Amino acid sequence: MSIHVTLPDGSVKEVAEGTTPAEIAASIGKRLARDAVAAEVDGRLVDLTAPLPGDCTLKLHTGATPEGLDVLRHSAAHLMAQAAKRLFPEVKVAIGPATEEGFYYDFDTPRPFRPEDLEAIEHEMERLAREDLPVVRQEVSREEALTLFASQGETYKEELIRELPVGETLSVYRQGDFVDLCRGPHVPSTGKLRAFKLLSLAGAYWRGDEKNAMLQRIYGTAFADREALEHRLHMLEEARKRDHRKLGRELELFSIDEEVGPGFVIWHPKGALLRTVLEDFERREHLKRGYQIVMGPQLLRKELWERSGHYDNYRENMYFTEVEGQTYGIKPMNCLAHMFIYKSKLRSYRDLPLRFFELGTVYRHEKSGVLHGLTRVRGFTQDDAHLLCTPEQLQDEITGILAFVKDVMDRFGFSYEVELSTRPEKSIGDDEAWERATEALRQALQTHAIPYQVNEGDGAFYGPKIDVKLKDALDRRWQCATIQADFTLPERFDLTYVAPDGERRRPVMLHRVILGSIERFIGILIEHYAGAFPTWLAPVQAVLLPITDRHIPYAQKVQGILRSRGLRAELDDRNEKLGYKVREAQLQKIPYMVVVGDKEVEQEAVSPRLRSGEARNLVPLDEFVRQLEEEATAHLR
RNA sequence: GCCGGGAUAGCUCAGUCGGUAGAGCAGCUGAUUCGUAAUCAGCAGGUCGUCGGUUCGAGUCCGAUUCCCGGCUCCA
C-alpha cells in the first residue's frame, strides 16, 4: 500500500500506512494534525475521518487552502445553527453554506433576531467550540432522514429532502445535540473552529424567491486563525472608510437629496468636473475607434415603446408623462433614437458597420429598497452605443468591443470577470434568432480564449449578453460593461441594408456600454482610489498655498499659468497657517500642494508636496508646469 | 417591493425615569502674517424627518408615513 500525500503547503510525501486522513496527518506532524480540517482522496473532498481505500492520492487541507477554508466556514455555519437552536429552541433552520467571504445561515424565527442576539449566539458558539464536540457523519436513507427532521419540526429540511429522488442515500452530520442535513465534509470536531465572528443580520427569501417567506439570515466569517480574522475585520473597516457615499460628501463631489427625489444625483462642481473629464475621455476613445457621436431626445412617444417591446417588458420601470392627450415615455434605454438615425436613409452594405455612440441619460424607476449611493440610482447616464453590421461582421465587432473594454479597464487598473447571459423567461423574438445571437457571443469569447461563466436566463429581454463584472474595493462585483446581440429590434423596426447582390438584408444590432453608467462607474472609482484620483482625473490637480498674504500675488500668477495650460489649479488664500492648509488639501486628496513663500518668489520656483507626504523643494516653475502637464495628459497617449 | 434597524445643528454624535436641547468640527467676526496634517478669542446656528395619537406636559411613549442604512429580490 502506498499513498501520495500532498500537504497544504504543496509539498508531497509518500506514506505507507494509514486508515484515515486524520491518522496520516498525525503521523506527519502534530501541527498538521491540529490544523487539518478536511482531505481530498483521489480528487474528492472528504472528512478527515473517512476510511481510506488502499492505493490513493491524498491531499490534506487546512484553513490555509481555499478548499479547507470553505470546509471551516461551512462548519462554522453549522456551529452557529447549533448555538442559535440552543439559545432559541423554537427556531427552524433552512440552509447555511460557506460563501466567498465567510458563511451564513437562514433561520425561521418566531421573532426577528436583534443585534444583541448575535452577541449571545457568538458566545454560545465559543462555548461549543471549547467543548470540542466530535462532528460525526452518518449515512441515512431518504426515508430515515425525513423521519428524523420531521420529528424535530424542521420543515425546511423536510422540503429539501422531499425533492431528492426516492431511494437516495443522504448524509447527516451530528455534533452534540445538533443534527443537520449536509453533504459535508466538515471539520472532525468543533474545537477546530478557533477564529470566527458574526457580522450582520439580514432578511432573505427562502430559496432566494421573492414569493417565498422571508427568513432571518445571519452573516459571519471564519478563518484558520485569529490573525487572519483580525486582518479581515481590519479590511472591512478600511473598506468602510472609502465608502463612496461618505467620500462623495467629504470631497464635495455629489449629493442625493430626499427633497429632490431618491435616486437622483446632484453633481457639485468637483463631481461635475470629474464626470466631465471622464466623459471627454470616453468621447475621445470612441472617436478613435470609428464611433460616431449622436444624441437622442429624452421623451419618445408611447407607441414607439410598444413597438420595441419595452412597453410589454419594461413598463414597470418606466416613467410616463401625458400632455395634450399624447403619452410619452421617458427613455430607460437609448436604442430607439439610434435606430431612427439608421432608418433616416437607405443604407448600403458599404456603410456598415455603423457605430452610434451616445452619452445617453436614462430614467428607470428602480424599486425603493435597491437604491444605493451612485451605484444604484433612478437617473443615470450610460456610455451607450449601438452597432449595426452585417451578420458576417458580427464576430469582428464583438471582438473589437471586448478589446475596447480591456483597454479602458486597464487604464483604471480594474480586474474583471466575464459572464455570458442567455435567454430569460420574459423575452421577445424567435428561438432561432436567440440561438444565433448567443452563438455569436460565445464564438467571440472562445476564439479569443476569454474565460467566462454562463449565466442561464439572465439576458436582456431582446437578446443575450456578455456581462463584464469588475471588482471594487469591498470586493463586490459590479456589472459595468455589457455587450448585447440583438436580431429582434432590427426586425421590429424593419432596418435594412442593400447587399452586394442588390437584395435588401437585415442588419444585426449590438447594444453595448463600456463603463456602464457614469454614475455607477464614478462610485466604483471613488472606492477604488479611496478618493485619491490619479492626476488626470482629479477635479483639483494642484492647490497653491501661499505662506503669508504677501505671497498671494505670486501664487495668483502661478495659478494663472497652470490654468492657461488647462490644468486645474486652485488657490488657498485664506489667512491660515501653512499646516492648516496642508491638512485640508491632504484631506481633499489633492495631488499637488504647491507651497510658495519668500524663497519661491525670489527664485521663480515652487515647492510641491505630494499626497504621499513627499515634499520637493524649490522646483523651477517652468519645470513644475511641464511635469504636471505631462502627468495630467497621461491618458491621452 | 420584502425583512430588520435608524433619522437630534452643514458634518460626527450626546441627550438618564416624559418636565420644552448639548459638544466637537465646519460657518461668521476680530486678533494673528505664520514653511509642510488643526493659532487664539468671541458670536451665531435646531418646527428633534413628517403627520397624527396618548399625556397637565413628548426629542423621549404609541400609530402611520417619507427617506436612509444592512441584506434579500431586481439591476447599468
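Keep in mind that what you see is a predicted model, and the values were worked out from it rather than measured. Chain identifiers are assigned alphabetically (A, B, ...) following the order of the sequence lines, protein sequences preceding nucleic acid strands; residue numbering begins at 1 within each chain.
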Taking donor-acceptor contacts at under 3.5 Å, does the side chain of [X] reach the base of [N]?
X	N	result
A/Tyr104	B/G71	no
A/Glu366	B/G1	no
A/Arg249	B/C11	no
A/Arg520	B/C75	yes

Can you tell me if A/Phe380 is stacked onto the base of B/A76, using a 5.5 Å centroid cut-off and an angle below 30°?
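Base of B/A76: stacked against A/Phe380.
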Could you tell me how far apart [X] ([atom1]) and [N] ([atom2]) are, to the nearest whole angstrom?
X	N	atom1	atom2	result
A/Asp458	B/U73	CG	C1'	13 Å
A/Leu578	B/A37	CG	P	8 Å
A/Tyr219	B/G71	OH	C1'	6 Å
A/Arg583	B/C25	CZ	C1'	9 Å
A/Leu198	B/G4	CG	C1'	16 Å
A/Arg376	B/C75	CZ	P	8 Å
A/Leu545	B/A38	CG	C1'	14 Å

Using ring centroids (six-membered ring only for Trp), state whether A/Phe414 and A/His528 fall under 6.0 Å.
yes
Residue mapping more 5' on RNA chain B - nearest nucleotide basis, A/Arg364 or A/Gly203:
A/Gly203
When you compare the side chain of A/Arg378 with that of A/Phe264, does any pair of heavy atoms fall below 4.5 Å?
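In short, these two side chains touch, coming nearer than 4.5 Å.
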Using a cut-off of 4.0 Å on non-hydrogen atoms, how would the nucleic acid contact of A/Leu515 be classed: base, sugar-phosphate, or nothing?
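Nothing, no nucleic acid heavy atom in range.
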Watson-Crick or G-U counterpart of [N], or none if no pair lies under 3.5 Å:
N	value
B/A7	B/U66
B/G19	B/C56
B/A41	B/U29

Start with the C-alpha distance between A/Phe624 and A/Tyr592, add both sets of side-chain angles, then the distance that settles ring pair (Phe, Tyr, Trp, His ring centres under 6.0 Å), and finish with yes or no.
CA-CA 10 Å; A/Phe624 174 70; A/Tyr592 288 94; 5.7 Å; yes
Could you tell me if A/Arg315 sits above the aromatic ring of A/Tyr311, with its cationic atom closer than 6.0 Å to the ring centre and no more than 45 degrees from the axis?
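Output yes; distance and angle both within limits.
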Apply ring pair (Phe, Tyr, Trp, His ring centres under 6.0 Å) to A/His286 and A/Phe404, showing your working.
CA-CA 9 Å; A/His286 279 82; A/Phe404 195 172; 4.8 Å; yes
